Amino acid sequence: MYHHVKKLMYTVRVDEPDPKFGNMLLEQFGGANGELAAAMQYSIQGLNCEDPGRKDLLMDIGTEELSHLEIVGTLARMHLKPLKSVREEAEADPLIAIAGGGGVNLFNSMGNPWTADYLKITGELDVDLRSNIAAEARAKIVYERLIDFCRDPGTKDALQFLMTREITHMRAFALALESMGKPPLSVGRIAPTAGLVDQFFNDSTGQGDLGEVDSRGPWNEGEPWEFVEAPAFQDLPGAENGGRAIRAQSAPPEGAEAIQEVLVDELRDLLHAEKQLLKALPKMQKAARTQQLQTLLRNHLAETEAQVERLNECLRILGTSARAKPCKGMAGLVEEGEEVMAEGKKKEDAPADLSLIGAALRVEHYEIAAYTTARNMALQLGQPAVAQLLTLSLGEEQNAGQLLDQVAQPLMSAARMPSSVLVTI
């Protein structure tokens, strides 16, 4: 709930209006580092914040920034006032004088409209607080420059007030971030790659009249830094840089060994599932009535044979035996499929094939879920070869499911037609 109080947070006084300076002030009204951008950024961050204490902080400061917007807008309007009536002053900025009637609008000092692209909102509280600290620092510098170019004492006083509040906000945001107890470089939840995070790449080298010396300092030397000399030259023939290699290998996830055990278990389960299908698919093909469904099942049998080989290769890459683990889920689906085939003998062609497609689709979705899970674990474990093999099989299962859907469509239409019409056809 907002309530507008008809009193400025700081009472402004302008003794000598300066339209050109009024244009400069618009940078803090509708510019990237201005008060409206700050008000919107902090308020929206506050709306998203689950932490009640820091939410209160964000809403307090966001609301204060709206007060600052009114101060800046009032200052700018007072400085721009001559544009309303003096031709020579209006010529200095026709956009404000003609299009805006000599008043303020949500533009920056160059006439560019305000945009929500100015806002930095990630939904990660610590990241947002760091953005806010930087935003306050940028605004503080803008106010310093405005003060340097200002000739009016009353305006300078108001700008000094606004500049000081930027420091207050910066301190509040910094203390809120510190109170979260997060290390300065702890951003997000996924840990950086060990080794790589401590490497500094010396990527700007050269010599000559315009060359600059390579500098060393706490940003690239001492613990824990590892200085990598000109990494772009390392693989060039004849290069003698003697530099260290980039540690580009992704960091394995925590508990990688335990995850690999789960992956191996998944692959063995899938292997048994596919071997069961090698026996079930010929029966399903024989039970199918339409030529299109028979062909689809025959082709998928060949794909299943290749999938078994891929699973054996995956287990070999992971350094374990290609031993199948009984898959009770697939056993239940196969048993259900046999019931469907037995019941289908008493049905007409279209209903029988539709029931068979339903059983086959349940199998496909079971396999899609299993292959997706296994593929994702292989990617996280840094096993691209395993992931590629599983992706091929996953694609085949997804394609088989789509083809089964396509075959089912005309069968549904046929199943709705009277039997006499079917005989005529």
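This one's a predicted model, so the numbers in the text were calculated from it and none came from an experiment.
- Panel note: side chain N220, backbone G217; a donor-acceptor pair is recorded below 3.5 Å.
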Contacts under 3.5 angstrom, residues 328-335 side chains, donor-acceptor by atom type, not counting sequence neighbours:
none

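- Checked by atom type, the side-chain pair H300/E303 shows a donor-acceptor distance below 3.5 Å.
- Contact of the L175 side chain with the R171 side chain is registered, since non-hydrogen atoms from C-beta on lie closer than 4.5 Å.
- Side-chain N or O atoms of N105 include none that pairs as donor or acceptor with a backbone N or O of F107 at under 3.5 Å.
- Residues passing the side-chain hydrogen bond (donor to acceptor under 3.5 Å, both in side chains) test with H79 are T155, sequence neighbours excluded.
- Residues forming a side-chain hydrogen bond (donor to acceptor under 3.5 Å, both in side chains) with E309 (at least two apart in sequence, or on another chain): none.
- Using the six-membered ring where Trp is involved, F227 and F200 have ring planes that are parallel, under 30° apart on the 30 and 60° scheme.
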Side-chain donor-acceptor pairs of residues 47-61 under 3.5 Å, sequence neighbours excluded:
unit_1	atom_1	unit_2	atom_2	d
N48	ND2	I44	O	3.3
D51	OD1	G53	N	3.0
D51	OD1	R54	N	3.2
D51	OD2	R54	NH1	2.4
R54	NE	A176	O	3.4
R54	NH2	S179	OG	2.7
K55	NZ	G46	O	2.8

Just do the side chain to side chain contact (heavy atoms under 4.5 Å, CB included) check on T320 and Q260 with the steps written out, would you? CA-CA 11 Å; T320 188; Q260 179 159 325; over 6 Å; no
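- R165 is linked by a side-chain hydrogen bond (donor to acceptor under 3.5 Å, both in side chains) to E64, counting only residues two or more places apart in sequence or in another chain.
- Taking a cutoff of 4.0 Å between a charged side-chain nitrogen and a carboxylate oxygen, E313 and R310 do not qualify as a salt bridge.
- Of the charged side-chain nitrogens involved, at least one lies within less than 4.0 Å of a carboxylate oxygen, so that K140 and E144 count as a salt-bridged pair.
- Side-chain contact of Y371 with E396: a donor-acceptor pair under 3.5 Å is absent, judged by distance alone.
- By the ring pair (Phe, Tyr, Trp, His ring centres under 6.0 Å) test, F161 is found to be paired with Y10, residues two or more places apart in sequence or in another chain being considered.
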